[in-house]
Amino acid sequence: MFECLKPSKLKEETYKKITAKKNKSNSAKFISVPFGERLIFVPQCMRNVKVCKAKEEGGYYICSECGGCKIGSISKKSKELGYKGLFILKGGRIVEKLVLELKPEAIVGVACFYEGSEGMELCEKNNITVQFVPLSKDGCVDTDVNLDSVMEILSKKQE
């Protein structure tokens with residue numbers, strides 16, 4: 001398990017600017033990557049732990065699509081589109097292991113601004129393009145995301 005880091009408002013504004021700039025600059029390359037070469041990372045704090053049936057796999061969970069939270073909808077859509085995989089991360093440190101092991105060309109990352117900024121930096125070092133969707137409610141437990149925003153990013157492709 002990882003310690004929840006709650007950045008100050010000043011730092012959060014900086015992370016917002018960094019992630020927005022990187023999303024914009026990565027957009028064209030991201031949409032050129034086939035769905036089958038993309039991964040999706042979502043934080044474990046989005047799970048409804050009271051009903052979640054996700055299977056634990058060390059540093060991450062695999063969604064069972066039990067319907068207890070929005071992750072199930074994201075998982076279903078990613079499978080329909082043919083994504084390489086969706087991982088519910090216990091913490092940011094597993095990102096590097098999964099990136100090196102699965103070698104995706106692109107990643108959709110859902111996280112708080114701090115974790116999103118860190119993840120984007122790590123992916124840049126590994127030449128992986130990222131589109132980041134910030135949590136609409138963060139705080140390390142019972143977090144939330146705008147599902148429409150996630151679905152929009154998931155579905156982006158080159159015309």
Side-chain angles (χ1 to χ4, degrees), residues 1-5 7 14-47 52-66 69-135 138 140 143 145-159:
M1 203 56 101
F2 69 103
E3 179 183 337
C4 180
L5 301 174
T14 302
Y15 295 134
K16 283 181 183 180
K17 288 176 185 174
I18 291 168
T19 56
K21 183 179 177 183
K22 288 182 180 187
N23 268 351
K24 187 174 182 178
S25 68
N26 289 336
S27 184
K29 184 177 177 189
F30 178 83
I31 65 172
S32 73
V33 175
F35 294 137
E37 294 302 322
R38 298 180 190 177
L39 291 176
I40 306 160
F41 294 151
V42 297
Q44 63 87 25
C45 57
M46 281 181 53
R47 294 171 49 236
C52 183
K53 306 279 189 248
K55 183 180 178 192
E56 190 171 0
E57 295 285 338
Y60 59 88
Y61 296 91
I62 299 296
C63 183
S64 67
E65 298 175 6
C66 67
C69 69
K70 291 179 180 178
I71 297 172
S73 297
I74 298 168
S75 178
K76 285 178 187 174
K77 183 67 171 181
S78 72
K79 286 178 182 175
E80 287 172 17
L81 293 170
Y83 268 68
K84 196 172 208 170
L86 177 141
F87 297 88
I88 305 168
L89 306 179
K90 290 182 176 182
R93 292 191 176 148
I94 191 67
V95 170
E96 187 168 24
K97 181 179 184 225
L98 290 170
V99 162
L100 294 173
E101 184 179 307
L102 300 173
K103 298 178 180 21
E105 291 179 34
I107 293 173
V108 175
V110 177
C112 63
F113 282 104
Y114 172 77
E115 292 288 343
S117 179
E118 293 290 307
M120 289 178 109
E121 188 176 310
L122 172 73
C123 289
E124 274 181 358
K125 289 178 185 175
N126 288 283
N127 200 29
I128 298 167
T129 189
V130 177
Q131 287 295 281
F132 168 68
V133 182
L135 291 170
D138 64 12
C140 301
T143 60
V145 70
N146 180 313
L147 194 54
D148 291 337
S149 296
V150 176
M151 296 304 185
E152 181 182 333
I153 296 290
L154 287 181
S155 302
K156 279 189 175 182
K157 65 179 182 174
Q158 209 160 27
E159 298 298 320

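Remark: Glu105 does not engage Arg38 in a salt bridge, criterion side-chain N to carboxylate O under 4.0 Å.
The cationic atom of Lys90 (NZ for Lys, CZ for Arg) lies less than 6.0 Å from the six-membered ring centre of Tyr61 and within 45° of the ring axis.
Between Phe41 and Ile107 the shortest side-chain heavy-atom distance falls below 4.5 Å. Side chains of Val42 and Val145 form no contact here, defined as non-hydrogen atoms less than 4.5 Å apart.
Residues passing the side-chain contact (heavy atoms from CB on, under 4.5 Å) test with Lys103: none are found, sequence neighbours excluded. For Asn146, the side-chain contact (heavy atoms from CB on, under 4.5 Å) partners are Asp148, Ser149, not counting sequence neighbours. Every residue two or more places apart in sequence or in another chain that forms a side-chain contact (heavy atoms from CB on, under 4.5 Å) with Cys63 is listed here: Glu65, Ile71, Ser75, Leu86, Ile88. For Phe132, the ring pair (Phe, Tyr, Trp, His ring centres under 6.0 Å) partners two or more places apart in sequence, or in a different chain, are Phe113. For Lys77, the side-chain contact (heavy atoms from CB on, under 4.5 Å) criterion is met by Glu80, Leu81, Met151, Leu154, Ser155, not counting sequence neighbours.
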> Do Ile74 and Val108 pass the side-chain contact (heavy atoms from CB on, under 4.5 Å) test, and can you show the C-alpha distance, the side-chain angles, and the key distance before you say yes or no?
Replying inline: CA-CA 11 Å; Ile74 298 168; Val108 175; over 6 Å; no
>> Determine whether Leu122 and Glu118 satisfy the following criterion, side-chain contact (heavy atoms from CB on, under 4.5 Å), listing intermediate values before the conclusion.
In response: CA-CA 6 Å; Leu122 172 73; Glu118 293 290 307; over 6 Å; no
>> Pair Ser73, Leu147 - check side-chain contact (heavy atoms from CB on, under 4.5 Å), show working.
In response: CA-CA 8 Å; Ser73 297; Leu147 194 54; 4.0 Å; yes
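Within a 6.0 Å radius of CD in Glu57, other residues, nucleotides and ligands contribute more than 12 heavy atoms.
Of all the heavy atoms in Thr19 and Met120, the pair that sits closest is CG2-SD, 3.7 Å. Taking all atoms of both residues into account, the shortest heavy-atom contact from Pro104 to Leu39 is CG-CD1, 3.5 Å. When every heavy atom of Leu98 is checked against every heavy atom of Tyr60, the shortest pair comes out as CD2-CE2, 3.9 Å. Counting all heavy atoms, side chain and backbone alike, Cys52 lies closest to Cys66 at CA-SG, 4.0 Å.
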Distance-only criterion, 3.5 Å: show the donor-acceptor pairs between side-chain atoms of residues 26-35 and protein atoms not counting sequence neighbours.
unit_1 : atom_1 : unit_2 : atom_2 : d
Asn26  : ND2    : Lys22  : O      : 3.2
Asn26  : ND2    : Val130 : O      : 3.3
Ser32  : OG     : Lys29  : O      : 2.6

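Checking side-chain atoms of Thr143 against main-chain N and O of Cys45 turns up a donor-acceptor pair under 3.5 Å. Side-chain N or O atoms of Lys156 include none that pairs as donor or acceptor with a backbone N or O of Gln131 at under 3.5 Å.
Here the straight-line distance linking atom OG of Ser117 with atom NZ of Lys17 works out to 13.5 Å at 0.5 Å rounding.
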